[in-house]
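Working notes, beginning with the structure itself.
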Amino acid sequence: MVNRAREARRKLFTPKTVVYAAWGLLAAALVAHFVPALEAVALILYAVGLIALCLLALTAPKKGTIAVPRVFLPMLAAAFLIVGCQIGMRPDESPLVWRSILLALILLIPLMISEKQAAADIDRGRFAARVFVVVGTVWISCAFWLIATNSVFDADVGMSHISTVTQTRATSRYCYMDVVWDGRTLDFPVSKEDFSEIAAGNKVLVTEYDGFWGALYYTWDYPQEEAD
């Protein structure tokens, strides 16, 4: 009976289950990316899925399943897609740094214990690499999740002012504009279409929001569109 119970647990927590959960997170991120109205739902699913993956890593017969490439790569892809939804905003990320570290530590402490338990089966070099992968994946996921939820979960109506574009610049891949706001300069990433229509001295409508986690963030728009 004991052996059957162990076999049942092994079948329940299989690598395939973890893989399906990870790709489910990626699907949720894609929904948030292409359907803005569902961003909040996708972010909640992402958080639940991340916690579920950590539980799977702790309870699976073979410890450390998050370090498997087909698991952590989809997790990272989903995280980058989620934070990609915030392009065009300029968040003040400093208040989120310690929150992301604390959130990551809550998940990492049991995961590191799990990796230590598996250390007898792998050499020291591979163990260090697995720890690096797990820490990096979890911390990036937590940080990007906080950045995204800071604006998506925010109910603040914002404070808007007409501001002046001081300069525009472009690299081989990205375009930016600098805007004066309350005596300091904010740099906004802009599309190539907007970049071709914006020049130094132009007026834009900049809005400041409090942020769900207390991290200020900014958006911009054309004044005439706001007037319409």
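For the single chain, residues carry numbers from 1 onward in sequence order.
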Between [X] and [Y], is there shared hydrophobic-cluster membership here, with clusters defined by ILVMFWY side-chain heavy atoms closer than 4.5 Å?
{"X": "Val131", "Y": "Leu105", "result": "yes"}
{"X": "Ile106", "Y": "Val97", "result": "no"}
{"X": "Ile147", "Y": "Ile101", "result": "yes"}
{"X": "Leu50", "Y": "Leu73", "result": "yes"}

Give, for atom [atom1] of [X] and atom [atom2] of [Y], the distance between the pair rounded to the nearest 0.5 Å.
{"X": "Leu102", "Y": "Trp98", "atom1": "CG", "atom2": "CH2", "value": "10.5 Å"}
{"X": "Leu111", "Y": "Leu107", "atom1": "CG", "atom2": "CG", "value": "6.5 Å"}
{"X": "Trp139", "Y": "Ser100", "atom1": "CH2", "atom2": "OG", "value": "5.5 Å"}
{"X": "Ile162", "Y": "Leu205", "atom1": "CD1", "atom2": "CG", "value": "4.5 Å"}
{"X": "Gln167", "Y": "Asp187", "atom1": "CD", "atom2": "CG", "value": "9.5 Å"}
{"X": "Asp178", "Y": "Thr168", "atom1": "CG", "atom2": "OG1", "value": "8.5 Å"}

When you measure from the side chain of [X] to the backbone N and O of [Y], does any donor-acceptor pair fall under 3.5 Å?
{"X": "Thr137", "Y": "Val134", "result": "no"}
{"X": "Arg99", "Y": "Trp213", "result": "yes"}
{"X": "Trp145", "Y": "Tyr46", "result": "no"}

Which pair of non-hydrogen atoms, one from [X] and one from [Y], has the smallest distance, and what is that distance?
{"X": "Leu108", "Y": "Val135", "result": "CD2-CA, 3.8 Å"}
{"X": "Trp181", "Y": "Met159", "result": "CH2-O, 3.5 Å"}
{"X": "Val133", "Y": "Phe72", "result": "CG1-CD2, 3.5 Å"}
{"X": "Phe153", "Y": "Ile44", "result": "CZ-CG1, 4.0 Å"}
{"X": "Phe212", "Y": "Thr149", "result": "CB-O, 3.6 Å"}
{"X": "Cys175", "Y": "Ala170", "result": "SG-CB, 4.1 Å"}

(request) For the residue pair Ser163 and Lys203, confirm or rule out a side-chain donor-acceptor distance under 3.5 Å. (result) no

(request) Please check if any side-chain donor atom of Asp194 sits under 3.5 Å from a side-chain acceptor atom of Ser191, or the reverse. (result) yes

(request) Please confirm whether Phe144 and Phe80 have ring centers closer than 6.0 angstrom. (result) yes

(request) Identify the residue among Asp156, Asn150, Asp210, Thr207 that makes a side-chain contact (heavy atoms from CB on, under 4.5 Å) with Tyr217. (result) Asn150

(request) Dump the intermediate steps for side-chain hydrogen bond (donor to acceptor under 3.5 Å, both in side chains) on Thr171 and Tyr176, then the final yes or no. (result) CA-CA 9 Å; Thr171 65; Tyr176 300 90; 5.5 Å; no

(message) In the structure I gave you, are the side-chain heavy atoms of Val204 and Val206 within less than 4.5 Å of one another anywhere?
(response) yes

(message) Within the structure provided, determine whether Ile140 and Leu76 are in side-chain contact (heavy-atom separation under 4.5 Å).
(response) yes

